[in-house]
> 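Let me give you the structure first, and then I'll get to my questions.
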Number of protein chains: 2
Amino acid sequence: MPHRPYHHGDLRAALLAGAEDALKEKGAAALSLREITRGIGVSHTASGRHFKDKQALLDALATSGYERLTRALGDADDTGLPFPQRITVLNRAYLRFATENIELLELMFSRKHTPDADEGLTAAVERSMAFMRSVITEAQQRGEVIEGDPDQVTLLPAVALHGLAAFVANGTLTPQGALDQLDQLVHNLLYGLTPR
Amino acid sequence: MPHRPYHHGDLRAALLAGAEDALKEKGAAALSLREITRGIGVSHTASGRHFKDKQALLDALATSGYERLTRALGDADDTGLPFPQRITVLNRAYLRFATENIELLELMFSRKHTPDADEGLTAAVERSMAFMRSVITEAQQRGEVIEGDPDQVTLLPAVALHGLAAFVANGTLTPQGALDQLDQLVHNLLYGLTPR
DNA sequence: ACCTGAACACCGTTCAAGT
DNA sequence: ACCTGAACACCGTTCAAGT
């Protein structure tokens, strides 16, 4: 709210916001540090104080993406729902996030979680996974989902969810097309491809 | 085999090979046209004759990736196998391709199939999908897979396969970890997450 | 046809310097 | 602490020119 240049004390947030705008407009590949700083009205080297290099900014953006995704899932979640409805709701929330943040999702997916990757990013990814796992574990305790190592059981819904969002992100499916097929997809996930 | 400079008449192939080498070493983001042409021993503008710009080269690379993936799946495929074994074999072939071509796969996944995307690329993607669909259709005819619109039934195995490969590509799973969990994953795909 | 070389308008990063 | 400005070593693309 002060009238002095708003990047005093808040340049980090301004850089992240500018980067996300640029991401939405032009994609991660065309994102330019100089252009972002120009938009903020600061010299092109000012970002160095807050992000050691361009990759550090992209990592921070991906981290914030995972945090927001996890929060979106948590907000949409209803622990009281039977598993089939619960997982449908979560899938829908994920798809909405994917639809509204296609470029961000692509950035999140493309970042490697190699040993030397950003710590905050790795932790944020792990928190997303832990959420999925907890949903499965609870459903197992209620006898709604097959028994077995939670990590193993979680893998199929996790890759299915991830793959579906990726199909939306890369244009193989439209957001609406994915939503239209979601109920059938979840049904097949629950009951399998083999005739009963 | 001739003794004259080998880029006569074969510069296009040399550019693609150089680009793929650079991709494997440094990733798509760090791929530089000037560096590639330098490696081939040709001026940095020579590529313009064969690829209108950098994106066109990347599109061609992604297209060749989809073609090789489809061929790898076709080579591994055994139409005589019962569906469970058949889909396991295909998953394994996909995982091997993903393991051996991580950077290429990332490039393939990140390219948008927007209306104005490269024609050859869109066609190559469609051929990969058609292959999956034909496997499902055949299994349906034998009564090994539930009935229904082949496109809808194919979606779950397709997103699961895609998601699993993406987990390998981005480091969430190691190649070995993915292989170790594959049998259980396919089992859950066939019989569902709900207790029978 | 196929390739070159110079020119143009950009990049990210480093570093001494300012306040 | 936080930011600037110049310098450096790169980019991709365009275009007239060579062979």
Side-chain angles (χ1 to χ4, degrees), chain A residues 1-62 103 107 110-112 116-118, chain B residues 1-62 103 107 110-112 116-118:
Chain A
M1 337 320 195
H3 61 283
R4 55 185 159 89
Y6 88 108
H7 56 273
H8 275 203
D10 219 7
L11 182 53
R12 202 195 122 96
L15 286 167
L16 279 172
E20 188 155 1
D21 286 347
L23 191 69
K24 285 210 155 141
E25 276 173 34
K26 319 179 62 180
L31 194 145
S32 147
L33 236 39
R34 286 175 107 113
E35 194 176 351
I36 293 167
T37 50
R38 230 182 279 128
I40 298 177
V42 90
S43 100
H44 68 274
T45 52
S47 68
R49 204 49 53 172
H50 300 96
F51 301 102
K52 100 172 209 294
D53 57 18
K54 190 182 178 179
Q55 190 57 60
L57 208 185
L58 292 178
D59 280 0
L61 211 52
E103 299 286 358
L107 178 69
S110 72
R111 273 303 296 152
K112 294 210 189 9
D116 59 305
D118 183 89
Chain B
M1 327 322 196
H3 61 283
R4 52 185 164 88
Y6 86 110
H7 55 274
H8 275 202
D10 218 9
L11 182 54
R12 201 195 123 96
L15 286 167
L16 279 171
E20 188 156 0
D21 285 349
L23 191 70
K24 287 212 154 141
E25 276 172 30
K26 319 179 65 180
L31 196 145
S32 149
L33 235 40
R34 286 174 105 112
E35 194 177 349
I36 294 167
T37 49
R38 232 181 279 128
I40 298 177
V42 91
S43 101
H44 68 274
T45 52
S47 67
R49 205 48 53 171
H50 300 96
F51 302 103
K52 100 173 209 295
D53 57 16
K54 190 183 179 177
Q55 190 58 59
L57 208 183
L58 293 178
D59 281 359
L61 213 50
E103 299 286 359
L107 177 70
S110 70
R111 275 303 294 151
K112 292 208 191 9
D116 59 305
D118 182 90

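In this text, all values refer to a predicted model and were calculated from it rather than measured experimentally. Naming: A, B, ... by sequence-line order, numbering from 1 per chain.
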> From the options D10(B), T37(B), L33(B), select the one residue that forms a side-chain contact (heavy atoms from CB on, under 4.5 Å) with L15(B).
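When side-chain contact (heavy atoms from CB on, under 4.5 Å) is applied between L15(B) and each of D10(B), T37(B), L33(B), only T37(B) qualifies.
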> Nearest 0.5 Å, what's the CG-CD distance between L61(B) and E103(B)?
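If we round to the nearest 0.5 Å, L61(B):CG and E103(B):CD are 11.5 Å apart.
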> Is the shortest side-chain N to carboxylate O distance from K26(A) to E35(A) below 4.0 Å?
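A salt bridge links K26(A) with E35(A).
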> In whole angstrom, give the distance that lies between atom CD of E35(B) and atom C1' of dC10(D).
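That distance rounds to 11 Å.
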> I need the CG-P distance between L15(A) and dC2(D), as an integer number of Å.
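Rounded to the whole Å, the gap is 13 Å.
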> Using whole Å, report how far CZ of F51(A) lies from C1' of dC3(D).
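Spelled out: CZ on F51(A) to C1' on dC3(D) is 16 Å.
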> Looking for any heavy atom pair under 4.0 Å, which part of the strands does L57(B) touch: base, sugar-phosphate only, or nothing?
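Nothing: the residue L57(B), judged by heavy atoms under 4.0 Å, touches no strand.
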> List in chain and number order the residues that pass side chain to side chain donor-acceptor pair (under 3.5 Å) with T45(A), two or more places apart in sequence or in another chain; answer none if no residue qualifies.
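Scan of T45(A) (side chain to side chain donor-acceptor pair (under 3.5 Å), adjacent residues dropped) gives S43(A).
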> Provide, to the nearest angstrom, the distance between the CG atom belonging to L58(A) and the P atom belonging to dC11(C).
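The answer, rounded to whole Å, is 15 Å.
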> Check whether any side-chain nitrogen or oxygen of S32(A) sits under 4.0 Å from OP1 or OP2 of dC11(C), and answer yes or no.
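S32(A) to dC11(C) OP1/OP2: side-chain N or O found under 4.0 Å.
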> What is the distance, to the nearest angstrom, from the NZ atom on K26(B) to the P atom on dC11(D)?
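After rounding, the reported distance stands at 8 Å.
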> So, using salt bridge (charged side-chain N to carboxylate O under 4.0 Å, His left out) as the criterion, who are the partners of K24(A) when residues are at least two apart?
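Once residues adjacent in sequence are excluded, K24(A) has no partner under the salt bridge (charged side-chain N to carboxylate O under 4.0 Å, His left out) criterion.
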> With pairs taken as Watson-Crick or G-U wobble and both distances under 3.5 angstrom, which stems of at least three consecutive pairs involve DNA chain C?
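In DNA chain C, stems of three or more pairs: C:4-8 with D:12-16, C:12-16 with D:4-8.
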> Quick one: closest heavy-atom pair of L16(A) and A60(A), and the distance?
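Answer, listing the atom of L16(A) first, then A60(A): CD2-CB, 3.9 Å.
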> Contact class for I36(B) (heavy atom, under 4.0 Å): base, sugar-phosphate, or nothing?
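If one applies the 4.0 Å heavy-atom cut-off, I36(B) turns out to touch nothing in the nucleic acid.
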> Nearest 0.5 Å please: distance from the CD1 atom of I36(A) over to the CG atom of D21(A).
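Interatomic distance, I36(A) CD1 to D21(A) CG, rounded to 0.5 Å: 9.0 Å.
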> Return the polar atom pairs (N/O with N/O) between nucleotides 13-19 of chain C and the protein under 3.5 Å, or none.
from: dT13(C); atom 1: OP2; to: K54(A); atom 2: N; distance (Å): 3.2
from: dT13(C); atom 1: O4; to: H44(A); atom 2: NE2; distance (Å): 3.1

> For residues 46-54 of chain B, which side-chain N or O atoms pair as donor and acceptor with protein atoms under 3.5 Å away, sequence neighbours left out?
from: D53(B); atom 1: OD1; to: Q55(B); atom 2: N; distance (Å): 3.3
from: D53(B); atom 1: OD1; to: A56(B); atom 2: N; distance (Å): 3.0
from: K54(B); atom 1: NZ; to: L31(B); atom 2: O; distance (Å): 2.7

> Using atom CD1 of I40(A) as one end and atom P of dC2(D) as the other, report the distance to the nearest whole Å.
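I40(A) atom CD1 is separated from dC2(D) atom P by 15 Å.
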> Check side chain to side chain donor-acceptor pair (under 3.5 Å) between R34(A) and all other residues, then give those that pass, not counting sequence neighbours.
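Side chain to side chain donor-acceptor pair (under 3.5 Å) list for R34(A), sorted by chain: H44(A).
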